[in-house]
Student: 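Here's a structure for you.
Every chain is numbered from 1, with letters handed out A, B, ... down the list of sequences.
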There are 2 protein chains.
Amino acid sequence: MNTLSYGLLSLLSHAADSGYDLMLKIQPFWPAKHSQIYPLLAQLESGGYVQHKLVVQTDKPDKKIYSITDKGLNALRNWLTLPTDEPVTRDELVLKIFCMEQGDTADILHMLETRLAYYQDQLQWLQSKKETYAQLNPSPSLGIILLMQKGEFSVKADLEWTQWAMRQVIAHEKEPNPD
Amino acid sequence: MNTLSYGLLSLLSHAADSGYDLMLKIQPFWPAKHSQIYPLLAQLESGGYVQHKLVVQTDKPDKKIYSITDKGLNALRNWLTLPTDEPVTRDELVLKIFCMEQGDTADILHMLETRLAYYQDQLQWLQSKKETYAQLNPSPSLGIILLMQKGEFSVKADLEWTQWAMRQVIAHEKEPNPD
DNA sequence: AACACCATGTAATCAGTTACATGATTAT
DNA sequence: ATAATCATGTAACTGATTACATGGTGTT
């Protein structure tokens, strides 16, 4: 039972779902490809944590709808009481910033512009999600609300930093030697 | 040449260093164990991107001091012009928050308290680093300043969120059914 | 006496990505 | 026509962690 397995159980504690949809839904929280999800679900099923029923479709491929079992719910509840791993972030941009004096200002600015656009997309996605949830009945769980807010806090800080960093880079270019 | 390899070259573009110290210094930006660093350095050396000289020590074990070559610097400069991968964050806490209704409020609060302490430690580390750099001569490069600021922006947002989330959880507990 | 730090390396395993494989439906 | 979406799966590979291995110095 690794973290991704618990992540799948966590999603399934809200609603039964197919492997395909679980793969799409877990992306923002724990990126994983279908080639990792499908074997894990089979493993969780052989361990008795989930079960599936085949749903035959005519217009689309048949699918397996997985649901969490009592054993799965108990495992999930126990996991909540265990110590939580520290977050891990890996960002190539950070490594590039570290040696940015080796490159041209134009390249660095281009990199930051691309990242700015990425964060803006993220923020827009979060805010559209927020609207969707606001109109939803029943209203979303506290957990969902906390996660949306966490994303918004993070992305807004990242956005602010990127804009600040771009100004610094431009200022640094204009005044390379302050005599 | 993977991202960690470029990360090592990035550190070495500032100063020559041992594998052991590179391992320690890269932790905040790209977590990696010594068992991953040492073989990569050997690989970078066989590719001509770095070279090492043995430094014999009496009180401590001998060490290899690696320095970047011209080929390494060129590779680094070219890397700066290439498209940058999007950042990847994996946080077990996020997956736990998603299914928090399955657990006790006390367990969730304990989890958030632990995370709060972690972010506070991070912030303190960043601010002590900042002081160290402020007294340093020569003053740190623009890259270093940008990274310190990025860390501070992120951690402060995370801290704010954690405190806000704890208040939400407490409020939710007191008023579970708002009739 | 037991543990942490310095310093390097390899072996085994686990986690994650890319590629291979299939095939119908719908949109551009 | 070409590509994207839905839907599942396996195989090969790369990336990352844990464990094995050694050994002196300094700290509690």
Student: Grab the OH-P distance between A:Tyr38 and D:dA11 for me, whole Å please.
Tutor: 17 Å
Student: Under 4.0 angstrom, heavy atoms only, what part of the nucleic acid is A:Thr3 near: base, sugar-phosphate, or nothing?
Tutor: nothing
Student: Could you tell me how far apart B:Arg90 (CZ) and D:dT17 (P) are, to the nearest whole angstrom?
Tutor: 11 Å
Student: Can you see if the side chain of A:Trp30 gets near the phosphate of C:dA15 - specifically, an N or O under 4.0 Å from OP1 or OP2?
Tutor: no
Student: Between B:Tyr66 (OH) and C:dG9 (C1'), how many Å, whole number?
Tutor: 10 Å
Student: Could you check A:Ala32 against A:Thr58 and say which one's nearest nucleotide on DNA chain C is further toward the 5' end?
Tutor: A:Ala32
Student: When you measure from the side-chain N and O atoms of A:Gln57 to the phosphate of D:dC6, is any distance below 4.0 Å, counting only OP1 and OP2?
Tutor: no
Student: Under 4.0 Å, heavy atoms only, any strand: does B:Lys63 hit a base, just the sugar-phosphate, or nothing?
Tutor: sugar-phosphate
Student: Using only heavy-atom distances, determine whether the side chains of A:Lys96 and B:Thr84 contain a donor-acceptor pair under 3.5 Å.
Tutor: yes
Student: Just to be sure I understand the rule, does A:Lys60 reach a base, reach only the sugar-phosphate, or reach nothing, if contact means heavy atoms closer than 4.0 Å?
Tutor: sugar-phosphate
Student: Between B:Lys63 and B:Asp17, is there a side-chain N and carboxylate O pair less than 4.0 Å apart?
Tutor: no
Student: Between D:dC6 atom P and A:Asp62 atom CG, what is the distance in whole Å?
Tutor: 16 Å
Student: Side chains of A:Gln102 and B:Trp79: any donor to acceptor distance under 3.5 Å?
Tutor: no
Student: Under 4.0 Å between a Lys/Arg side-chain N and an Asp/Glu carboxylate O for A:Glu86 and B:Arg115?
Tutor: no
Student: For the pair made of CG in B:Leu40 and P in D:dA16, what is the distance, rounded to whole Å?
Tutor: 9 Å
Student: Counting distance alone, no hydrogens or angles: does the base of D:dT18 have a donor or acceptor under 3.5 Å from a partner atom on the side chain of B:Ser35?
Tutor: yes
Student: Using heavy atoms to find the nearest nucleotide of DNA chain C for B:Gln36 and B:Asp21 separately, return the residue whose nucleotide is more 5′.
Tutor: B:Asp21
Student: Is B:Tyr20 close enough to C:dT8 that one of its side-chain N or O atoms is under 4.0 Å from OP1 or OP2 there?
Tutor: no
Student: Which whole-number value in Å describes the distance from A:Leu24 CG to D:dA7 P?
Tutor: 9 Å
Student: Quick one: A:Ile65 CD1 to D:dC6 P, roughly how many Å, whole number?
Tutor: 13 Å
Student: Between B:Cys99 and A:Leu80, is there a side-chain heavy-atom distance shorter than 4.5 Å?
Tutor: yes
Student: Calculate the interatomic distance between B:Lys33 atom NZ and C:dC14 atom P; express it in whole Å.
Tutor: 17 Å
Student: Please tell me which of the listed nucleotides, D:dA19, C:dA19, D:dC6, lies nearest to the side chain of B:His34?
Tutor: D:dA19
